[in-house]
Amino acid sequence: MTRADWTLLILTLVLLPTLYVGLWGDRGAGESVEIWIPGQKPQVLSLDRNQTVEVQGSLGTSVIEIRDHKARFIASPCTGKVCIHAGWQQHAGELAACLPNKVAIEILGRDRRYDSINF
Amino acid sequence: MTRSTLRPAALGLALVLLLLAGCSREPTLYDRKFLAFGTLVEVSVYGGQRKQVEAAIDAVESQFRYMQKTWNPWHPGALARVDSLLGTTDWFSVAPSVRPLIVRATELSKASGGLFDPAVGQLIKLWGFNQDARPDVPPPDPKAIADLTAQNPRMTDIQFDGIRVRSRNPAVYLDFGGFAKGYGIDRTIDFLKSQGIHNAIINAGGDLRAIGRHGDRPWRIGIRNPRGEGMIASVDVQGDESVFTSGDYERFFIYKGVRYHHIIDPRTGYPTRDTTSATVIGTDGATCDATATAMMVAGPKDWYRVAKAMGAHYVMLMGNDGTVYMNPAMAKRIHFETKKPPKVVLSPPL
């Protein structure tokens, strides 16, 4: 086998599985979380890095936790705490919102598992 | 491998890679969020020319802002003016922006046997659910609730004479709540269609209407678990369908271990009991919202009669014990997403 043969073989072995996983793998998996506050540029954070983020909404500080490729509200200055009860969001298209504080989080990915959420 | 066999192999590999890469190209999904009606509104449009789609979404956003202002019963605007004049019991000319909403709500209230009745605005206010952030205070005085309920405000108290209306009952105060949101979704979906947009979803605070499809597949809708994380179920919708849910978890407070939420039973003056959520799939959003609200009030024992009377075809109700009640046609469409499916009780066909 020539050097070109080897190059072709290696390219095939590397690229085909990569493209297969990339294009036909779990396309609904979340890749990042978008933190949305009206009138501000959305903040997009990777779900690969565990961290806790504080953002300022219209009432006060909302705290968002990112852990194990999921994101959730863990504190917010609202009374109902609907945002916290929504729990972990992990699939592309899932979202939770603290309406009184005007802060929302949405999981982003290449293909949404759900196009829209009814609640 | 010789040079003569290498060239076709390289071409073959390039072709495979191109085909794979081609699979990842999809038409654009345009998506925008904004706040209106005290909730998050999300407009999603599949395909189309960017300039045209962005202009249409701009207009939808403007229309939502207008409707929010016009149909807010608790801030100066067209509906607040109507409400103050209904209290006089005299005839007056109703604003054209409000009249169709009153007419449709009256029709649906009659169909529901009065279980959906937006005339109970004063009760909503008494409970404090007219505010975006209800103060942390106990439930209202039972006597005040009983007095207001005894006045029996009903949509059927409203009389029409052309553009003039009056209420026979001074206790009538219209708060359309989620119904206005549903009516607004219907109007803006009609607008998108008029602009040549035929594949879209408008979702306002979790209630949505979807038209067309997401490319070569239907739209996939997740129905959030009202008592847990994630989704309880998913459903595919296409063509032109609304998915509306009323629940006890959207606006509520807990006092001495009891949950009090924003859907008031017009017969008792208290928040409905026994039901966690009611989901309706149908064509127009306003009808779905009214049906879901009436089913919340009817509860697990009476929901079937109400759903049938309101002409619903796909309904699901979750009781406080986690039991899911639905009609067979809904059961065929719903796919449960929970690890352990809930206990399901099927009704006769609707």
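No hydrogens, no waters, no symmetry mates; every other heavy atom, side chains included, goes into these values. Labels below follow one simple rule: chain letters A, B, ... track the order of the sequence lines, proteins then strands, and each chain is numbered from 1. Owing to the predicted nature of the structure, the values given are computational and were not obtained by experimental measurement.
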message: Under 4.5 Å from any heavy atom of chain A, what part of B:I201 do you find: side chain, backbone, both or neither?
response: side chain
- prompt: So A:I107 and A:H91, side chain to side chain contact (heavy atoms under 4.5 Å, CB included) or not? Walk me through it.
  reply: CA-CA 6 Å; A:I107 304 297; A:H91 298 108; 5.8 Å; no
message: Taking side chain as everything from C-beta outward and backbone as N, CA, C, O, which of these in B:E337 sits under 4.5 Å from a heavy atom of chain A? Side chain, backbone, both or neither.
response: side chain
query: So which part of A:L99 gets closer than 4.5 Å to some heavy atom of chain B, the side chain, the backbone, both or neither?
result: side chain
task: Run the numbers on B:R32 and B:E61 for side chain to side chain contact (heavy atoms under 4.5 Å, CB included), then give the verdict.
output: CA-CA 9 Å; B:R32 188 181 309 169; B:E61 188 172 345; 3.1 Å; yes
- request: Using atom types as modelled and distance alone, determine if a side-chain donor or acceptor of B:D186 lies under 3.5 Å from a backbone N or O of B:G285.
  value: yes
query: Is there a donor-acceptor contact under 3.5 Å linking the side chains of B:H262 and B:R251?
result: no
task: Counting only heavy atoms closer than 4.5 Å, note whether B:F253 contacts chain A via side chain, backbone, both or neither.
output: neither
message: Quick one, A:R112 with B:E42, criterion salt bridge (charged side-chain N to carboxylate O under 4.0 Å, His left out). Give me CA distance, side-chain angles, the key distance, then yes/no.
response: CA-CA 15 Å; A:R112 291 175 168 192; B:E42 188 165 18; 3.5 Å; yes
- prompt: Between A:W88 and chain B, which part of the residue has a heavy atom less than 4.5 Å away: side chain, backbone, both or neither?
  reply: both
message: Can you confirm if the NZ or CZ of B:R259 lies within 45° of the ring axis of B:F252 and under 6.0 Å from the centre of its six-membered ring?
response: yes
field: Interface residues of residues 45-74 of chain A facing chain B - heavy atom cut-off under 4.5 Å
entry: none
field: Atom group of B:D31 that falls short of 4.5 Å from chain A, counting heavy atoms
entry: side chain
query: Where the side chain of B:T279 meets the backbone of B:T245, is there a donor-acceptor pair that is under 3.5 Å apart?
result: no
statement: d(A:F119 CZ, A:L95 CG) to nearest 0.5 Å is 6.0 Å
Part of B:S44 within contact of chain A (heavy atom distance under 4.5 Å): side chain
message: I'd like to know if A:D115 pairs up with B:R213 as an ion pair, taking the criterion as any Lys NZ or Arg NE/NH1/NH2 lying under 4.0 Å from an Asp or Glu carboxylate oxygen.
response: no
